[in-house]
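One structure below.
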Amino acid sequence: MSENPFEVFKEDMENEEVYLRVNAIHRVRIICTLIGVDQIKSQLIPYLDSLLNKDEDEVLFAMAEELGNIAEIIPNQSSCLLNLLEKLTTFDETLVREQAVKSISIICQFLSDLEIVNVIVPMWLRLAQNDTYFTCRISAINLMSPIYARAGTQKDIMRLQFVELCKEEALMVRRAVASKIGEIAQYMDKSHVIGELLQAVKELCHDQQDSVRLSCSESLMRITQILNYNEIKAFILPLIILQAEDKSWKVRMALAQIFADLAIAVGKDIADYQLLPICLNLLKDTQSDVRVMGVKSLLKFIKFISPEKLNLIVPNLQILSEDSFSQVKQNVCEVIGLIANLLPKEYCQNKLQKCLFDLMSDENTEVRRNAIKCVGIFVMAIGFEQLNQFIPYLKKSMNDPKWRVRKETIQTIIQLALQIKQLDTFTQQLEEVFLFFLRDRAAEVRSTGLSQLSELISVYKQEWALSNFLQKCVEILEKDNGFFFRINALYAIQQISFAVENYQVEKRLWPIVQKYLKDPIPNIRFVSLKVAKSLLKKIENQDVLIQIKQFINEMLDDPDRDVKFYVQEALQY
């Protein structure tokens, strides 16, 4: 085997396995650092050129990528790579072409403006004027943005050639133009955009192929960013209306998807007066995917609507809350929560509360989850005095067959409890539902309730924790047959110990835990030991500490090895 790095590389490239040749290509930058610029020009580039028409697309993609990396190694000589990359921009495989364009863009960063004008622009024109391969013209469109700003005196030639590309017969070229024209407009003077590009955009929006019209939505938004109020009304708004009424649902969906960003681009005045009716029509679209995107965009679009017009959205939300497509209803829940903070309380209660109740009982799990998540926001918006109307639905949700729904319910209950901060309201309305988590079948729900228990105790104080809540834990420990629930009750007592005063730990909690250190079930015994260890940290009375340690010490002969392990841990404290 040769010791020459380039010869070793050539040997690797003769391997029959494609993935090994790809790996070899990815090592070529290391070869370049070893052989120097002269050998790169005289040996490596001609060799890579010889591979173009006989190697796999995966290898060519790797080559296009690594040529950009080589450019960073030889920045002052990187133009020697352009001929090879120009050939790669003509290939049928889209990924190869796009990567070649990216590598040419990297090389452009190392070239002077004069080199851009004398080397890159002529290359771009060759690609743009190539009548044989439409792939060349697509690559020229993708290269337009990084080159045009530095094209100097050649800008006019490039711009006129680009306008010609906008009129292409080849569908793939028109599609590329439609997707890139908005980006290219950012680099042009506004006069050229209005005088030359807008007519091209208009024609693309009327194109017979829906895939071309589909690609126009993003470009419309980007062009809007460089126009003023009157120009938007005159040139862009008619095209937005055209897309909103397009016969292809995919085009309407593409518009719905960017609708909120479009509102940002056109500004609040146009959004409020001209875009709102279009948005409402998208929410009523016959195609479910359009409605889904419309509702998603509505979450951002709402902030552009004046308060007096918000009530126009509510009838649509009422209809959408009964939509046959579950994804529509999922997003409606979020909108209800958001809009509740913007509309009068009584109006929300009269118009949207029933929708929320229906969504909480929907047959789809994700709809129920999103509706429950919205309840906390909605109740806070309309006032806690309305909470009692939601309690039956929250109880039903805590008995839902899906644990994710129950988890969302316990999180909502805790959220409400932390916001209310009124002990009477909490104990009379929320506490009963909250306590469901102690006996929940799913560990995730039980741990969710436990994780925020200390926060609840900090709000409702140890008087609540040591009365109602502790009593419930003791009841489960004494009467429940399910040891998972009893373990959960022990961990709840541990959480109580973190939040109450030290003397209460000694007086109220230790006697309970002590009792279950002798439980017949090993799992209960070792969890009791873990809790007892945490209680030791809060007990200051030395006599009680000695008593606890003696009690634990007696468990060293426990028949269960896990219990013995936790006995040793507890005694080390």
Side-chain angles (χ1 to χ4, degrees), residues 171 175 178-179 201-202 204-221 224 236-263 265-266 270-302 304-305 309-339 351-352 354-356 358-359 361-371 374:
L171 169 62
R175 189 186 300 168
S179 63
V201 172
K202 184 177 179 181
L204 291 167
C205 286
H206 284 86
D207 197 277
Q208 291 183 351
Q209 292 293 326
D210 59 359
S211 60
V212 176
R213 303 196 304 276
L214 178 68
S215 300
C216 288
S217 299
E218 189 79 25
S219 289
L220 274 179
M221 184 190 69
T224 299
I236 301 297
L237 197 57
L239 298 180
I240 295 173
I241 294 170
L242 182 70
Q243 287 215 313
E245 297 172 351
D246 198 280
K247 62 184 178 182
S248 168
W249 68 265
K250 290 182 180 178
V251 176
R252 302 195 303 273
M253 184 180 73
L255 179 67
Q257 193 168 7
I258 63 151
F259 207 78
D261 296 324
L262 192 60
V266 302
I270 293 178
D272 194 26
Y273 289 97
Q274 271 81 33
L275 292 192
L276 179 57
I278 298 172
C279 176
L280 296 178
N281 284 334
L282 291 172
L283 295 177
K284 299 171 186 173
D285 200 276
T286 54
Q287 180 64 35
S288 58
D289 289 327
V290 179
R291 298 196 301 276
V292 170
M293 287 302 170
V295 178
K296 281 185 177 180
S297 287
L298 189 58
L299 285 165
K300 292 181 182 177
F301 183 65
I302 279 177
F304 293 95
I305 304 170
K309 290 191 175 181
L310 278 173
N311 60 343
L312 295 175
I313 296 174
V314 173
N316 291 275
L317 293 179
Q318 291 173 318
I319 295 169
L320 291 168
S321 68
E322 299 174 357
D323 200 277
S324 58
F325 199 60
S326 61
Q327 280 186 284
V328 174
K329 291 184 283 190
Q330 286 174 38
N331 292 291
V332 165
C333 298
E334 293 184 57
V335 178
I336 289 175
L338 182 61
I339 205 169
K351 300 292 184 180
L352 294 174
K354 184 182 181 302
C355 297
L356 197 52
D358 292 341
L359 291 165
S361 303
D362 194 85
E363 62 182 16
N364 182 273
T365 302
E366 292 306 312
V367 174
R368 298 198 302 276
R369 279 186 67 197
N370 282 12
C374 167

Hey, could you give me the [atom1]/[atom2] distance between [X] and [Y], rounded to the nearest 0.5 Å?
| X | Y | atom1 | atom2 | result |
| --- | --- | --- | --- | --- |
| S324 | K329 | OG | NZ | 7.5 Å |
| L214 | L204 | CG | CG | 12.5 Å |
| D362 | S326 | CG | OG | 7.5 Å |
| L262 | Q257 | CG | CD | 12.5 Å |

Are [X] and [Y] close enough that some pair of their side-chain heavy atoms sits under 4.5 Å apart?
| X | Y | answer |
| --- | --- | --- |
| D207 | C216 | no |
| L317 | K351 | no |
| D246 | L255 | no |
| R252 | Q287 | yes |

L283 pairs by side chain to side chain contact (heavy atoms under 4.5 Å, CB included) with which of I278, L320, V328?
->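 The side chain to side chain contact (heavy atoms under 4.5 Å, CB included) with L283 is passed solely by L320 among I278, L320, V328.
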
Side-chain donor-acceptor distances from residues 291-301 under 3.5 Å, at least two apart:
from : atom 1 : to   : atom 2 : distance (Å)
R291 : NE     : D323 : OD2    : 2.7
R291 : NH1    : D285 : O      : 2.9
R291 : NH1    : T286 : O      : 3.3
R291 : NH2    : D323 : OD1    : 3.0
R291 : NH2    : D323 : OD2    : 3.2
S297 : OG     : A256 : O      : 2.4
S297 : OG     : M293 : O      : 3.3

Distance only, no hydrogens: is a donor on one side chain within 3.5 Å (strictly under) of an acceptor on the other, for R175 and S215?
->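 Note: R175 and S215 side chains miss the donor-acceptor criterion.
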
Can you name the closest pair of heavy atoms from D272 and F304 and give their distance?
->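 In this case the closest contact between D272 and F304 is CB-O, 3.6 Å.
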
Counting only N and O atoms by type, is there a donor-acceptor contact under 3.5 Å from the side chain of N316 to the main-chain atoms of L312?
->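 Answer holds: yes.
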
Could you list the donor-acceptor pairs under 3.5 angstrom formed between side-chain atoms of residues 236-244 and any protein atom two or more places apart in sequence or on another chain?
from : atom 1 : to   : atom 2 : distance (Å)
Q243 : OE1    : S217 : OG     : 2.8
Q243 : NE2    : R213 : O      : 2.8

